Participant: 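To start, I am sharing the structure in question, which I have written as structure tokens.
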Amino acid sequence: MKYVDEYRQPHLVKKLSQALHQITTRPWTIMEVCGGQTHSIVKFGLQALLPQKIRLIHGPGCPVCVTPIHLIDHALHIATQPNTILCSFGDMLRVPGSRTDLLTMKAKGSDIRIIHSPSETLSIAKMNPHKQIILFAVGFETTAPANATTVYMAKQLKLDNFSLLASNVLVPPALEFLLQSQGNEVQGLLAAGHVCTITGYGDYHALARNYQTPIVVTGFEPLDILQGLYLCVQQLEKGEYCVINQYRRCVQEQGNLHAQTIMNSVFKAVDREWRGIGVIASSGLGLVDEFAGYDAAIRFPLEKPLSLKDNGCISGLILQGKKKPCECSLFGKQCTPESPYGAPMVSTEGACSAYYQYSNSRDHQ
Ligand code: SF4
């Protein structure tokens, strides 16, 4: 397949693996930020091709996984209100809230619809003028422009029966939170290429400099990841801490200016809770005043957050790279994709689902 096979060529994979062995003299711990990269690493068995001195840890880059329970509870609350249609993506429906999940509520009769693009909600709003249509679209900066465009278009079309349950999160504040946290072990970062397609990587220079952590903007195929690791280790070995763009076929330093313009006209940075991690300052996107009328959290307030019950899921530690999925006592036993205890087992970008799908059976013990 064009633009995929070129980045999986075995002889080039072998060459990069050998090059990594040649330059690595000391132990290094490197975090891949994105869940898509985690899936590639586990699916293609890339860890086995690395020098033993390189330890990979998995980062928080799975948007479904970091969506806090109270936001899912809020979506559940909205879905049970009369004359509402809640629209979201497939993954999100199976993520447990504090009591149940959206799929169960759908089975019980709530009008919850799976969409493939945020703009579908506008058609649903036009066809159902007497119902309230709510878009619950989680994601990082990658999906924020499409969500922003949908809100913007709703205003242009005067669709007052549309609203958004704002849930997008931002990567750089979360990385800073991890790098400054007590006991941080991350020495180098592979940044998520698709996020940088939108944002560029201007914000990463200060992070690399201030925390003496090389950052390589990296793609998702095996050669991308191995080259990203090579560029990271090369810097670590030399004591250099810069930002390098490995994913040049998609990412430019300034990012996509059109996407940034629509994002910035509809959203502003707000404090946001990350599931299992806590509140990270300025790490989420809320609606600016001009679009505040489209805020589903205001239209359908959740009076009293539900108390949470601890089901033993350690997703917070998984998302911070402090534990691996197979270190969770529930992994592959009580917690499976068919019966998930936490979001990382549900999402197509979750570390637990990657280990479950691609690791061999002994890793499940
Ligand atoms: S295996 Fe399941 S219970 Fe354990 S951390 Fe992952 S999602 Fe949570």
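Remember, it's 1-based here, ligands and their atoms both numbered in the order they're listed. Since the model is a prediction, treat every value here as computed from it, not as a measurement.
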Participant: Do Q252 and Y201 have side-chain N/O donor and acceptor atoms under 3.5 Å apart?
Facilitator: no
Participant: So, do R272 and V66 sit near enough that their side-chain heavy atoms are less than 4.5 Å apart?
Facilitator: no
Participant: Which of the atoms in ligand 1, numbered in the order shown and given with their element, are less than 4.0 Å from a heavy-atom of G342?
Facilitator: 7 (S)
Participant: At a non-hydrogen distance cut-off of under 4.0 Å, which region of L330 contacts ligand 1 (side chain, backbone, both, or neither)?
Facilitator: side chain
Participant: Could you check whether the rings of Y152 and F291 sit parallel, tilted or perpendicular, using 30° and 60° as the cut-offs?
Facilitator: tilted
Participant: Taking only heavy atoms of F331, which atoms of ligand 1 are found under 4.0 Å from at least one of them?
Facilitator: 1 (S)
Participant: Ignoring hydrogens and angles, state whether a donor on the side chain of N245 or E253 is under 3.5 Å from an acceptor on the partner side chain.
Facilitator: no
Participant: Would you mind running through ligand 1 and noting each atom that sits below 4.0 Å from a heavy atom of M345?
Facilitator: 7 (S)
Participant: On the 0 to 90° scale, with breaks at 30° and 60°, tag the Y355-H58 ring pair as parallel, tilted or perpendicular.
Facilitator: perpendicular
Participant: Could you walk me through whether L226 and Y230 pass the side chain to side chain contact (heavy atoms under 4.5 Å, CB included) test, one step at a time?
Facilitator: CA-CA 6 Å; L226 290 172; Y230 181 88; over 6 Å; no
Participant: For ligand 1, which atoms, with element, lie under 4.0 Å from some heavy atom of Y341?
Facilitator: 3 (S)
Participant: Check each atom of ligand 1 against the heavy atoms of C352 and keep those under 4.0 Å away; list them by number with element.
Facilitator: 1 (S), 5 (S), 6 (Fe), 7 (S)
Participant: Decide, counting backbone as well as side-chain atoms, whether C335 has an N, O or S atom less than 2.8 Å from atom 8 (Fe) of ligand 1.
Facilitator: no
Participant: Using a 4.5 Å cut-off on heavy atoms from C-beta on, say whether the side chain of Y341 contacts that of P96.
Facilitator: no
Participant: Any atoms of ligand 1 less than 4.0 Å from a non-hydrogen atom of C328? List them with their elements.
Facilitator: 1 (S), 3 (S), 4 (Fe), 5 (S)
Participant: Tell me the protein heavy atom at minimum distance from atom 8 (Fe) of ligand 1, and give that distance in Å.
Facilitator: C313 SG, 2.4 Å
